[in-house]
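All values derive from a computational prediction rather than experimental measurement. Ligands are counted one by one from 1 in listed order, and the atoms in each one are counted from 1 as well.
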Amino acid sequence: MKNYILIGFMGAGKTTVGKLLAKEKGMQFVDTDERIVSEQGRKIPDIFAEDGEAYFRDLETELLKRMQEDTCHAVISVGGGMPVRKQNRELLRSLGCVIYLSASKQTILERVKNDGSRPMLNGGDLEERVEQLMKEREALYRQAAHIDVRTDGRSIRHVLQIIGQETRRFG
Ligand code: S3P
């Protein structure tokens, strides 16, 4: 196994689950948002405000390309918009086993409602924005993923257990 890659909507639990999965498997944990922030020396809302979304998306693609060369045996958590580009979906699948953490709109809203650090959710009605983005992305997440794990109403421990079972089957 090369890597485990966690994808899913903002607030789906990618970072929390990813860190625990890495600990459990004795693997390194990598977060693409964190890498971009540290390489750019500025926070995501600042990158969006100063250079725009397209620039951030290019940074994501460029990072995934580098990860083909320098990242193996890691648990990788990626930003919620990473699988939107077709090229990224292909890059993600070539990095290893892609796990889609899905959650209902209500669960997502509960988790993101008090967080102002996500520029994709700024402006307008939060529920409408989440609903619209989820609708646009759902099929793309499924296209990118090898494994689909629902997180609604499940403890992190249970989610990890399911990931364990499913990834064993994946090989
Ligand atoms: C984004 C999700 C964020 C971050 C950026 C854009 C998105 O990551 O990459 O704000 O388009 O869904 P999280 O999914 O970790 O919040």
Ring geometry between Phe9 and Tyr141 (parallel below 30°, tilted from 30 to 60°, perpendicular above 60°): perpendicular
Sole candidate of Leu20, Thr15, Ile76 that passes side-chain contact (heavy atoms from CB on, under 4.5 Å) when paired with Phe29: Thr15
Spacing of CG belonging to Asp125 relative to CZ belonging to Arg129, to within rounding of 0.5 Å: 11.0 Å
Check: Ser117 N/O within less than 3.5 Å of ligand 1 N/O: no
Atoms in ligand 1 flagged as close to Gly81, the criterion being non-hydrogen separation under 4.0 Å: 1 (C), 7 (C), 11 (O), 12 (O)
Arg118-ligand 1 polar pair, N/O distance under 3.5 Å: yes
Ligand 1 versus Met82: contacting region, heavy-atom distance under 4.0 Å: neither
Basic-acidic side-chain contact under 4.0 Å: Glu62, Lys65: no
Nearest-0.5 Å distance that lies between atom CD in Glu60 and atom CD1 in Ile36: 5.0 Å
N or O contact, Phe9 vs ligand 1, cut-off under 3.5 Å: no
Contact (N/O only, under 3.5 Å) between Val78 and ligand 1: no
For ligand 1, the portion of Met120 having any non-hydrogen atom under 4.0 Å away: side chain
Residue Lys105 excluded, over 12 heavy atoms near NZ under 6.0 Å: yes
Hphob cluster co-occupancy, Ile162 + Leu21, side-chain heavy atoms under 4.5 angstrom: yes
Separation between CG of Leu6 and CD1 of Ile163, rounded to the nearest 0.5 Å: 6.0 Å
Glu53 touching ligand 1 at heavy-atom level, < 4.0 angstrom: no
Ionic contact status for Arg85 with Asp58, cut-off 4.0 Å: yes
Ligand 1 atoms in contact with Pro119 (distance to a heavy atom under 4.0 Å): 10 (O)
Non-hydrogen atom of Lys43 closer than 4.0 Å to ligand 1: no
Proximity of Arg111 to ligand 1 by residue part, where a heavy atom lies under 4.0 Å: neither
Protein contact of atom 8 (O) of ligand 1 - nearest heavy atom, named by residue and atom, plus distance: Asp33 OD2, 2.8 Å
Distance from atom 12 (O) of ligand 1 to nearest protein heavy atom, with residue and atom: Arg137 NH1, 2.7 Å
Interfacing atoms of ligand 1 (cut-off 4.0 Å, heavy-atom, Ile44): 5 (C), 10 (O)
